[in-house]
Amino acid sequence: MFRGAVHLCAGRGHLGRRLSTLRGGSALGKVEGTGGHHGSGVPPVSSCVTFRTWDPGRAGQTVGQLGEGGWAGKVSEIKKTLQSVLPGGAWNSLYDTSHLPPEQSDVVIVGGGVLGLSVAYWLKRLEKQRGAIRVLVVEQDHTYSQASTGLSVGGIRQQFSLPENIQLSLFSVNFLRNINDYLAVVDDPPLDLQFNPSGYLLLASEEGAAILESNVKVQRQEGAKVCLMSPEQLRNKFPWINTEGVALASYGLEGEGWFDPWCLLQGLRRKVQAMGVHFCHGEVTRFVSSSNRMETTSGEEITLKRIHEVHVKMDHSVEYQPVECAIVINAAGAWSGRVAELAGIGKGPPGTLQGTKLPVEPRKRYVYVWHCPQGPGLESPLVADTSGVYFRRDGLGNNYLGGCSPTEEEEPDPENLEVDHDFFQNKVWPRLAWRIPAFESLKVRSAWAGYYDYNTFDQNGVVGPHPLVANMYFATGFSGHGLQQAPAVGRAVAEMVLEGRFQTINLNAFLFSRFFLGEKVQEHNIF
Amino acid sequence: MAAPRASLNLVAPVWNGVTKSIRDLSSSVAPKGSQKKGKRLLQFLADRFYDVEALREYLLQKQVSKVHQENRSFTYIKERYGPYVAGAYFVLKQGGAVKFQGQEWIQSSGRRPSSLELLSFQAVPVESVDASDCAINYEGLDNLLALKELQSLSLQRCPHVDDWCLSRLYQLADSLQELSLAGCPRVSERGLACLHHLQNLRRLDISDLPAVSNPGLTQILMEEMLPNCEVLGADWAQGLKSRPEKQSQDTASPTPA
C-alpha cells in the first residue's frame with residue numbers, strides 16, 4: 001500500500017527513461033541502492049528516489065501531519081541510521097511484501113491462461129542458461145471461472161485452410177502426445193490428458209465441396225492424416241447421418257479429437273512453477289512508457305513507445321505494485337484488446353499505424369450438453385455440419401455436447417456469461433435434428449457459455465511484437481482455436497522474444513502489421 | 001506374466017509412497033536393489049537441495065529418452081531388406097515373437113535376434129506379431145504399421161501402448177483380424193473407440209485394462225460398434241485375479257529393501 005503511494009508521487013518519467021535494455025532493470029536497482037539504501041555518503045539525487053521504497057513517513061503523509069505520525073517518522077529515522085550502519089540487504093522486516101509480485105521481472109506475461117503459460121514455459125525452456133530470465137505471469141482470475149481455457153470444448157484438429165494453422169496444430173498434437181515428457185515434474189503424478197482420438201468430420205455442401213477438397217490437399221501436404229469421403233461412404237460408415245445436402249466430407253484419421261483443457265492448464269502451471277516462474281493474482285491497470293518521436297525515410301513522423309513498468313493491482317485491494325520489465329506479453333485472451341488500449345495502441349488518428357487498434361474482442365459462445373439414448377455410438381467423431389452446427393460425444397453415457405456460432409447480427413451481448421436457451425431451441429436443435437435424425441428426441445442436460453478471443457479482422461491469431469510499442473508482444477486473437485494451438489504459439493512467441501525471429505514455424509503472416517496494411521489471412525474453417 | 005508386473009508395482013513405494021510418479025510409467029524394467037537405494041537417497045537430498053533436484057530432472061529425462069531410443073526405426077534395414085524384415089527385427093529385438101506366412105513362430109533367443117535367419121524371409125509377409133510385454137511406443141509402432149498383411153497382433157501388457165497408439169491402427173484395417181490389448185495399463189475407452197476402423201476384426205481382447213472406467217459398459221459398446229467381432233472383456237474372474245496380485249506385491253516389497 002505504502003509502496004504504491006510512494007510510486008505515485010515519485011517522478012516516474014525520469015526513473016523510467018533509464019530502463020532501456022534487458023539488463024536495464026538490474027542496473028537501475030544498483031543506482032538506487034548506492035543513492036539511498038546504503039547511504040554511502042553520496043547525497044541522494046532526489047528525495048523521492050532515495051526513499052522510494054521504505055520511507056512511509058514521507059510518502060504516506062505530508063510533513064505537516066507528522067504530529068500524529070511522529071512515531072512513524074522516528075521509525076524511519078532509526079531505519080535510516082540502521083541502513084547506513086548496516087549496508088547490504090533491504091530491510092523489509094516491518095512490511096510484509098511477500099504477497100506482492102517482484103519489483104523487477106524481465107518478462108511480464110499478462111494473462112495466465114493456457115497461452116500465457118505456454119509462452120512462459122517455452123521462455124524458460126529455451127533460455128540459454130538456467131534461471132537466466134525472470135518471468136512473471138499476471139492472472140486476474142485465479143479460479144479461471146471466466147477464462148476461455150477451462151470453458152472450451154477442448155477440440156484439436158488439423159483441418160484448417162491455412163498452412164500456418166495446420167502446422168501449429170501438428171506441433172501441438174505432438175506436444176500433447178508427449179505431454180508427460182515435456183511437462184514432467186519430478187515426484188508429481190503423470191498428467192492424464194484424457195485425449196479422445198476420435199477425429200473431426202467436416203461436412204460440405206455442393207458449394208463448399210471445392211473449398212473442402214483444396215483444403216484437404218493443403219492439409220495432406222503439411223502431413224495431416226485426413227481422408228475425403230463421399231456421401232455413400234459416409235452412410236456406410238456412420239449410418240446415423242442424414243447425408244441429404246452433403247456433397248463431400250473430410251474425416252481426420254489421426255491426431256484429431258478432444259482433450260481435457262483443464263489438465264493441460266494445470267500441467268503447464270505445475271511445470272512452469274517448478275521452472276521458477278512467478279505467479280501473481282492481480283490485474284494490470286497501467287503501463288508506464290516513454291515515447292520517442294521519429295521520422296521515417298519518407299518524412300512521416302511516428303512515435304515509438306517503450307513500456308518500462310507494468311502496474312499490477314492486487315485483487316480486492318487498492319494496493320498495487322509497479323513491476324519494472326523489459327518485455328510485456330499480451331496473452332489476455334478475450335480482454336487483450338483492453339490491455340492493448342492501456343498501452344496506447346490504437347490511440348491515434350485513424351488510418352495510421354498508431355491509430356490501428358488490436359481488433360480482438362470477447363464474443364460469447366454457448367455450449368449445450370444433451371442426452372439422447374438413441375444417439376450415435378462410440379465411433380462418433382466431432383461432426384461439424386454444413387450449417388455450422390457441431391457436436392461431439394461426451395463420455396459413454398449417450399451424452400453429447402455441441403453448439404453453433406451465431407451470425408454477426410445475432411451476436412449475443414458479451415457482458416456476462418448467461419446462457420440463452422432459446423438459441424438452442426431455435427437455431428441449434430433444428431439443424432442438428434435435420435442432420436442426425438436420432439437427435440429429434442433429446443433432453444438438454446446443461447449448458448454453459450465461454451468467450452472467444454474473437455479477431456474481427458480475419459479470425460486468426462496475432463503473434464509477435466507490435467511495430468510501434470516495440471516491447472509488447474502478442475499471443476492472442478485465436479478466435480476459438482487458441483487452446484489447441486497454444487503449445488506451438490508459446491514456442492513461436494518465445495523464439496521471437498529470444499531470437500528475434502520465428503524458427504520452428506514461420507508465423508510472419510500473423511504479425512500485427514497486417515491490420516494496418518489490410519492484408520487479411522482468412523481462415524475458412526472457423527466454427 | 002507375474003514377474004514383470006510385480007516389479008512394476010514395486011517402483012511406487014520407493015518413489016513417493018502414495019502418489020504414482022511419472023517414473024512408474026516410464027520405467028518398464030525393474031530397478032535393481034542397489035539402484036533403488038540410491039534413488040531413495042536422491043529423493044531425500046532433492047527435498048533439501050536444488051542441485052539434486054536438477055540432477056533428478058536430468059535422470060528423468062534420460063529415462064524418457066531411453067524409451068524413445070529403443071523405439072527408433074531401422075531405416076537402413078527397411079531400405080535394404082524391406083518392411084517385413086525390418087518389422088520382424090524390431091519385434092525380436094524388443095523381445096517379442098513373429099510368425100511369417102506359412103512358417104513357424106520365431107522367438108528372440110537371448111539378447112540379439114539372429115538377423116541371418118530373417119534374411120531368408122525378405123519376400124514373405126509377416127502374418128502374426130506377439131509383442132507382449134514389449135516397451136513398444138507410438139514411434140515404435142511405425143515398424144508394425146508397415147506390415148500390411150498382419151493378421152494377428154498381440155500387445156498384451158505393453159506399458160507404453162496408449163490411446164494415441166490405438167488411433168494409428170486404422171492403417172492395418174484391411175488385414176487385421178485378431179488384436180489383443182489385455183493388460184495394457186494406459187489403454188482406456190477413449191482409445192478403444194477408434195478401433196471402429198478395424199472392420200475386419202474377428203477377435204478383440206480388452207480384458208484387464210485398469211484405465212478403462214467402466215469395463216462392462218465399454219465391452220457392450222465395443223460389441224455394438226464392431227458387430228462382427230468377438231470381444232473378450234471383463235468377465236467374472238477379473239475381480240478375483242487382481243487380489244492375489246496385490247498380495248504378492250505386499251509380500252514382495254519388503255524383501256529387496
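Small disclaimer: the values here were computed from a predicted structure and weren't measured. Chain identifiers are assigned alphabetically (A, B, ...) following the order of the sequence lines, protein sequences preceding nucleic acid strands; residue numbering begins at 1 within each chain.
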request  = For the residue pair A:His481 and A:Phe160, categorise the inter-ring angle as parallel (less than 30°), tilted (30 to 60°) or perpendicular (more than 60°).
outcome  = tilted

query = Between A:Arg130, A:Gln194, A:Lys237, A:Arg393, which residue shows the highest count of heavy-atom pairs closer than 4.5 Å to chain B?
reply = A:Gln194

key: Under 3.5 Å donor-acceptor, B:Ser175 side chain and B:Lys148 backbone   = yes

ask   = Do you know which of B:His197, B:Gln199, B:Gln171, B:Gln61 has the most heavy-atom pairs under 4.5 Å to chain A?
value = B:His197

message = Between A:Phe238 and chain B, with a heavy-atom cut-off of 4.5 Å, which part of the residue counts as in contact: side chain, backbone, both or neither?
response = side chain

key: Ring centre gap for A:Tyr400 and A:Tyr390 strictly below 6.0 Å   = no

key: Segment of A:Tyr251 engaging chain B (4.5 angstrom heavy-atom cut-off)   = side chain

ask   = Should the pair B:Arg72-B:Asp142 be classified as a salt bridge under the 4.0 Å nitrogen-to-oxygen rule?
value = no

